[in-house]
Number of protein chains: 2
Amino acid sequence: MSDRDDSVETIQRELTAFARRSRAAAARMHPELSLVSFALLAHLEDQRGCRATDLADRFLLNKSTVSRQVADLERLGLVERRPDPHDQRARILHLTARGAAALTQVSGHRRAAFRERLADWDEADLARFAAYLLRYNTSWPSADGSSRV
Amino acid sequence: MSDRDDSVETIQRELTAFARRSRAAAARMHPELSLVSFALLAHLEDQRGCRATDLADRFLLNKSTVSRQVADLERLGLVERRPDPHDQRARILHLTARGAAALTQVSGHRRAAFRERLADWDEADLARFAAYLLRYNTSWPSADGSSRV
DNA sequence: TTAATCTAGTTGTACTCTACAGCTAGATAG
DNA sequence: CTATCTAGCTGTAGAGTACAACTAGATTAA
């Protein structure tokens, strides 16, 4: 049972260390787009547009936070708001061409950094690591629209 | 080569998602101690005391940030500053008894949360996941005192 | 020894991210 | 039609962070 606890302890410690470093690293890598902005843009691309509320749910952010983030992104010309034909209160957010380009560029930087970090891993290890992370994140208690805290 | 890229992409996406959620989750789990404060205390325990500059280096934070964080922790009675006998400019930071207790408590919460998340993993997978994370973090380009950005 | 430089830490200032509360306007249920 | 609900925005406040300027002690060079 102690091996198991050791592993859990290591996983906790290393994931925490990673989380702690991420923001600073992301800020250094692309000062123009925070981790959250990046995630918002990525989700918009992924979903081909969605409402601000969806983003708030998805990312566990207050709707006021999303409102301001989106306003910034709109000011930067990366996102545009179109009225929702089915609900006059809502606006559907879409990536603009510039937004898509910015996302692509930042994604490229990130991907390059990760690829470099993982350059000397063999393929089987990569696949297993990816699978573990997926499995871990899938069990996230309060994301992806289910139980909110 | 495409499998490899897929894996890298997944690792990037899932680690990013994890990092994004961590702060909010940590704030919900123990509002009294931010992720950074927790990390600072943990490092102090680990090292049995160190200087503020060491913390700044370690965590890629500006020394002013560390100064304020430590001042807060001292105000909360979790940390104390003792003069460094070898350098009158420096102060060695130490956990107080209360600091150690707070750390233990928060660690316990975190550990419990992680243990629950990982409850249905078998031991071999846990060990491998832990090893992968360690390997990944060890190659972190600018932590642990080596190349700064 | 003395002056120049370096280092540890603090403080002033400013910006970003975030939450909560309260608001508006449109939507839906009774 | 009124009451309630929902999507989003704004006022306000607080935490975390960085950068620049500063103080005080340490180190190096002349």
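Naming convention: chains lettered A, B, ... in sequence-line order (proteins, then strands); numbering from 1 in each chain.
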Scan nucleotides 27-30 of chain C against the protein and return all N/O pairs shorter than 3.5 Å with their distances rounded to 0.1 Å.
from	atom 1	to	atom 2	distance (Å)
C:dA27	OP1	A:Gln88	N	3.0

Any N/O pairs under 3.5 Å between the protein and nucleotides 13-16 of chain D? List them or say none.
from	atom 1	to	atom 2	distance (Å)
D:dG16	OP1	B:Ser34	OG	3.2

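Heavy-atom distances under 4.0 Å link DNA chain C to no residue of residues 98-110 of chain A. Using a 4.0 Å cut-off on heavy atoms, the residues of residues 42-52 of chain B that approach DNA chain C are B:Arg51, B:Ala52, listed by number.
For A:Arg110 and A:Phe38, the positive end sits near the middle of the six-membered ring, less than 6.0 Å away and at most 45° from its axis. Remark: B:Arg117 is positioned above the aromatic ring of A:Tyr136, its terminal NZ or CZ atom under 6.0 angstrom from the ring centre and at most 45 degrees off the axis. Both tests do not hold together for A:Arg128 against B:Phe129: distance to the six-membered ring centre under 6.0 Å, angle to the ring axis within 45°.
The environment of CD in B:Glu32 is crowded: more than 12 heavy-atom neighbours from other residues, nucleotides or ligands sit within 6.0 Å.
Between C:dT10 and B:Arg81, a contact under 4.0 Å exists linking OP1 or OP2 to a side-chain N or O.
Put simply, the side chain of B:Thr65 never gets that close to the backbone of B:Leu61: no donor and acceptor are under 3.5 Å apart.
Using a 4.0 Å heavy-atom criterion, one finds that A:Ser64 contacts the bases of the nucleic acid, with or without backbone contacts as well. Counting any heavy atom pair closer than 4.0 Å across all strands shown, A:Ser67 reaches a base atom.
Separating the OH atom in B:Tyr132 from the CG atom in A:Leu118 is a distance of 11.5 Å, to the nearest 0.5 Å.
Within the structure, salt bridge (Lys or Arg N to Asp or Glu O under 4.0 Å) pairs that include any residue of residues 76-88 of chain A comprise A:Glu74-A:Arg81, A:Glu80-A:Arg82, A:Asp87-A:Arg89 (at least two apart or interchain).
Considering only residues two or more places apart in sequence or on other chains, B:Ser37 meets the side-chain hydrogen bond (donor to acceptor under 3.5 Å, both in side chains) condition with B:Ser34, B:Gln69.
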